[in-house]
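Notes follow the structure.
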2 protein chains.
Amino acid sequence: MTVSPPLRRHFPDGVFSSDCPSRVVLDHVTSKWGTLVILALAEGDALRWSELRRRAEGVSEKMLAQTLKMLEADGLVHRHARPVVPPHVEYSLTARGAELAERMVPLMDWIADHAPAILGDAQTAATR
Amino acid sequence: MTVSPPLRRHFPDGVFSSDCPSRVVLDHVTSKWGTLVILALAEGDALRWSELRRRAEGVSEKMLAQTLKMLEADGLVHRHARPVVPPHVEYSLTARGAELAERMVPLMDWIADHAPAILGDAQTAATR
DNA sequence: CAGTATCCCATATGATACTG
DNA sequence: CAGTATCATATGGGATACTG
């Protein structure tokens with residue numbers, strides 16, 4: 001069996017391997033709009049297409065569709081279409097998606113907290 | 001002060017705004033190689049350029065340089081160059097970078113654990 | 001060793017128009 | 001409303017060669 005260093009195991013190294021499945025999922029999850037969609041749905045409420053479009057400000061229809069399909073194929077997002085006219089479609093996180101979101105929210109919170117300082121630094125550094 | 005709904009506050013909404021600083025930082029941090037570099041350094045040891053290249057398997061010199069500069073400008077990664085010949089340069093996380101990494105490791109762990117199942121689903125779904 | 005400089009391309013992303 | 005279809009573009013990203 002492969003033994004890992006005690007205090008800094010973290011990753012079985014596969015993560016860093018270019019053909020590791022994690023890479024694919026990582027790319028999906030950290031894709032520009034994937035992150036935003038998951039985070040938007042992490043609030044708990046199901047959201048409609050048009051709500052998601054507004055929520056993830058700047059997303060194009062094409063990218064939203066693409067992102068949603070990807071996340072749905074990954075089993076992270078559930079699409080619920082009610083057969084009415086006009087169409088009413090709701091998106092929500094699956095159980096698996098919710099698990100993932102649990103890990104993404106702290107990250108996003110931290111980023112939101114520190115982003116101003118981080119970008120401020122750059123300006124400061126550039127100016128002096 | 002702004003009052004948020006009790007159980008699902010999460011984001012001051014700014015995160016979803018297209019001109020929010022968080023967007024920029026989010027893009028840096030979740031960039032294809034940014035994530036991998038931060039995770040590699042999260043193990044604790046300072047790494048040299050060549051070690052990082054091997055660690056983030058598949059990264060080109062161009063992208064490694066670009067990613068490193070970006071993370072350095074963000075104050076997440078520290079570059080320590082020892083004035084010897086041949087050059088010896090080490091990269092490590094700053095305190096701020098370590099804080100961020102703390103939030104990224106659980107996410108990556110989860111992804112590493114579930115990636116096979118996630119991608120397996122897609123196959124299963126496609127085949128049946 | 002640790003990069004920088006170039007050239008080049010795939011594709012991620014965007015804008016617009018159209019439809020069940 | 002909730003998409004799909006198309007066309008156009010920017011740029012993320014890669015390969016290669018070169019340098020202090």
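Letters go in sequence order (proteins before strands), and every chain restarts at 1. Computed from a prediction, not measured in an experiment: that's the story for all the values here.
- In this structure, D/dT9 forms a base pair with C/dA12, meeting either the Watson-Crick or the G-U wobble geometry with both donor-acceptor distances under 3.5 Å.
- Taken to the nearest 0.5 Å, the CH2 atom of A/Trp110 stands 10.5 Å off from the CE atom of B/Met104.
- D/dG20 is paired with C/dC1 under the criterion used here, namely a Watson-Crick or G-U wobble arrangement in which both key atom distances are under 3.5 Å.
- Contact of the B/Val25 side chain with the A/His114 side chain is not registered, since no non-hydrogen atoms from C-beta on lie closer than 4.5 Å.
- Taking every nucleotide of DNA chain D with any atom under 4.0 Å from a non-hydrogen atom of chain A, the first and last of them, 5' to 3', are D/dC1 to D/dC7.
- With rounding to the nearest 0.5 Å, the separation of CG in B/Leu39 from CG in B/Leu107 is 8.5 Å.
- Counting any heavy atom pair closer than 4.0 Å across all strands shown, B/Arg82 reaches no nucleic acid atom.
- For A/Pro87 and B/His88, each mapped to the nucleotide of DNA chain C holding its nearest heavy atom, the one lying further toward the 5' end belongs to B/His88.
- The distance from atom NE2 of B/His28 to atom CG of A/Leu119, rounded to the nearest 0.5 Å, is 7.0 Å.
- How far CG of A/Leu68 is from CG of A/Leu41: 7.5 Å, rounded to the nearest 0.5 Å.
- A/Leu36 approaches B/Phe16 most closely through the heavy-atom pair O-CE2, 3.4 Å.
- Here the CD-CG distance, from A/Glu90 to A/Leu52, works out to 10.5 Å after rounding to the nearest 0.5 Å.
- Looking at A/Arg23 and B/Glu57, no side-chain N of the basic residue comes within less than 4.0 Å of a carboxylate O on the acidic one, giving no salt bridge.
- Across all strands, B/Arg53 comes closer than 4.0 Å to no nucleic acid atom at all (heavy-atom distances).
- Of the residues in residues 60-68 of chain B, those lying under 4.0 Å from DNA chain D by heavy-atom distance are B/Ser60, B/Glu61, B/Lys62, B/Met63.
- Side-chain nitrogen and oxygen atoms of A/Lys32 include none within less than 4.0 Å of the OP1 or OP2 phosphate oxygen of C/dT11.
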